[in-house]
Amino acid sequence: MDDARSAIRDSIAQWLEDKGHGGLAAEASVDIPTEGGHGDLTSSVCLRAAKSLKTAPQALARELAEFLGSHVPMVAAAEAAGPGFLNFTLQTPWLAQVVNDIRVQGPAYGRSDTGQGQRVLIEFVSANPTGPLVIVSGRAAAVGDSLARIMNASGYRADREFYVNNAGNQVMKLGQAMFLRILELRGQAIGDWPEGVYPGEYVVDVARQYLQAHPEFAAEAGGEALFWELGQFGAESFRKVHEAVLAAFGVTFEHWTYEKDLRDQQAPEQVVARLEALGFVREADGAKWFLSEQLGDDKDRVLVKSDGAYTYFVPDAAYHAQKFERGYDWVIDLLGPDHHGYIGRMRALVTALGFPADHLEIMIIQLVRLVRDGQVVRMSKRGGQFVTLEQLIDEVGVDPARFFFLERAPNTPMDFDLGLAELKSSDNPVFYIQYATARIHSVLRQWREGVHADLVWEPALLSQPLERRVLFALARYPDIVRRAAMDRAPQYLPKYLTELAQAFHAFYRQHRILDEAPAITMARIALCEATLSVLSLGLGLLGISVPEQM
RNA sequence: GUCCCCGUAGCUCAGUGGAUAGAGCGCGGGACUUCUAAUCCCGGCGUCGCAGGUUCAAAUCCUGCCGGGGACACCA
């Protein structure tokens with residue numbers, strides 16, 4: 001498909017140059033049309049170039065169509081259409097070569113060097129280690145992980161990173177909650193639960209773990225040092241749980257970076273000192289302010305409070321400076337919707353430190369509502385009631401959960417239909433796709449059990465319309481992956497895979513594979529293998545399994 | 001009040017400045033002595049929130065307005 005696009009593009013450019021308009025070559029784009037009826041490929045070059053060439057678009061299109069129809073080998077037909085579009089129909093046997101490409105390239109099919117080896121750091125989830133992972137973390141995990149897979153397939157070198165907030169106030173609060181739970185576990189009455197201390201039942205488990213690890217624990221009074229120690233223990237305990245749940249979800253991180261380590265390395269002090277040296281800090285009202293407004297932020301931000309403590313922004317600023325210093329060309333953060341006020345100041349920081357601000361990309365992962373039978377399933381953090389990622393995985397399974405999260409653009413709030421995700425039928429899109437792989441495996445098993453002459457498959461035999469539909473879908477795959485990487489849009493893949501599976505099911509229903517003439521069988525087996533290969537690659541980029549039978 | 005995201009079919013949502021705006025669900029009809037019917041086929045005029053603007057061309061870009069959600073601490 002790429003070959004055809006560039007061949008047509010080159011021919012158009014050549015034609016323009018022959019006409020003395022080589023400068024218009026940049027307008028010679030060739031696209032895959034959104035819907036059928038407009039050929040396999042389309043170009044709007046005539047509409048774009050008409051003005052410069054002082055010719056009506058339709059006339060231009062007719063002239064070009066005639067030229068291209070006879071000058072581009074894989075084009076079966078080129079025609080002018082509508083207000084001046086060029087539509088191309090590719091020769092089916094040429095299209096069928098994609099089956100060979102897929103076989104020869106194996107796992108490399110669809111890979112590209114779009115990213116040119118640039119290094120990318122994708123930070124996501126980074127949930128506070130003070131409680132279980134909630135549903136929206138699952139969405140971030142699915143998107144971040146899949147984006148990393150897609151970018152790695154597209155010539156980037158992407159790493160996944162989890163930032164552990166284990167040095168802030170919330171750790172202290174966790175420690176305080178653990179302390180109270182420990183007292184409870186010992187049968188001590190603690191009266192009313194204090195305001196602002198995590199009430200969640202889940203803290204009890206961590207408190208119990210601490211007692212097991214420290215049977216000698218005897219403190220009867222609280223205090224910051226004790227809360228801190230308990231909090232550290234609890235935070236690491238929750239972090240390990242997060243790591244395990246995410247691993248079960250198919251998501252692993254190359255790096256875990258701890259806020260506490262950054263603090264121990266004096267990273268916050270250093271970043272404040274650097275900003276001061278660069279002249280981006282002023283003092284007012286006893287506090288130190290980052291002059292971010294002049295760098296595009298809404299207003300200046302406090303770095304050091306009048307009591308001498310850092311704001312939350314400082315360790316985070318230090319962390320982001322460090323990301324670029326570690327040699328990453330692109331830094332991508334997946335953040336919750338409550339963080340979007342953060343974008344301005346982070347951009348300002350990156351600019352102040354001399355890094356390219358547009359290489360910090362912040363994706364907002366919007367909230368998830370659980371819905372069943374049209375009713376919203378309540379999830380409330382207040383009162384310690386959670387619907388956790390772990391519960392969701394138990395409920396619907398990894399594959400549907402990942403698919404449903406990846407199906408939608410990440411920056412729009414989504415409804416997660418529990419009933420649909422649990423359905424083991426074609427109504428459930430992930431089963432629909434997996435059913436295609438199971439069907440193909442089944443056919444291939446039976447084929448291998450048979451005895452056949454050693455035939456070479458013949459591309460010309462894949463000429464039926466429904467075969468062609470599959471071929472065309474297969475040929476589109478590399479373009480889908482490349483665009484998903486460039487647009488940071490994993491959601492292109494679920495949609496594409498649904499279309500490919502649909503094309504295959506339609507073909508399968510209409511045509512026999514195994515008991516046809518040997519040459520036909522051979523060609524269709526090749527088509528099945530190629531389809532299985534692309535479905536597997538695509539599902540792999542989503543982190544979804546490829547069942548051999550269902 | 002300022003800023004950000006969203007507004008597309010009954011519902012949930014895709015949609016890359018291009019042509020007659022698509023998919024899944026739901027609903028109705030049809031197709032199984034055949035490789036998995038867990039499937040396939042047929043059925044879609046919807047003020048792309050509204051109004052302007054830019055463009056040969058706008059759901060898409062710009063401006064304003066309306067509606068929904070969120071963010072706007074010397075909290076983290």
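Because only heavy atoms are used, hydrogens play no part in the values below, and waters and symmetry mates are left out as well, while side chains stay in. Everything numeric in this text was worked out from a predicted model, so none of it was measured. Numbered from 1 within each chain, the chains take letters A, B, ... in sequence-line order.
For A:Thr437, no side-chain nitrogen or oxygen approaches OP1 or OP2 of B:rU36 to under 4.0 Å. A sub-4.0 Å separation between OP1 or OP2 of B:rG18 and a side-chain N or O of A:Ser44 is absent. For A:Gln502, a side-chain nitrogen or oxygen approaches OP1 or OP2 of B:rG24 to under 4.0 Å.
Applying the side chain to side chain donor-acceptor pair (under 3.5 Å) criterion to A:Glu395, with sequence neighbours excluded, gives A:Arg372. With sequence neighbours excluded, no residue satisfies side chain to side chain donor-acceptor pair (under 3.5 Å) with A:Thr89.
Counting non-hydrogen atoms under 4.0 angstrom, A:Tyr492 reaches the backbone sugars and phosphates but no base. Here A:Ala409 lies in heavy-atom contact (under 4.0 Å) with sugar-phosphate atoms only.
Secondary structure note: stems in RNA chain B built from 3 or more consecutive Watson-Crick or G-U wobble pairs under 3.5 Å occupy B:1-7 with B:66-72, B:10-13 with B:22-25, B:27-31 with B:39-43, B:49-53 with B:61-65.
Of all the residues in residues 509-522 of chain A, A:Arg509, A:His511, A:Arg512, A:Ile513, A:Leu514 reach under 4.0 Å from RNA chain B with at least one non-hydrogen atom.
At least one cation-pi condition fails for A:Arg439 and A:Phe504: the charged atom is not both under 6.0 angstrom from the six-membered ring centre and inside a 45 degree cone around its axis.
Judged by distance alone with a 3.5 Å cut-off, a donor-acceptor contact links the side chain of A:Thr42 to the base of B:rA19. No donor-acceptor contact under 3.5 Å links the side chain of A:Asn428 to the base of B:rA38.
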Reading 5' to 3' through nucleotides 56-63 of chain B, protein heavy-atom contacts under 4.0 Å coded B for base, S for sugar-phosphate only, - for none: B-------
Letter per nucleotide, 5' to 3', of nucleotides 67-76 of chain B [B base touched, S only sugar-phosphate touched, - untouched; heavy atoms, 4.0 Å]: ---BSSSBSB
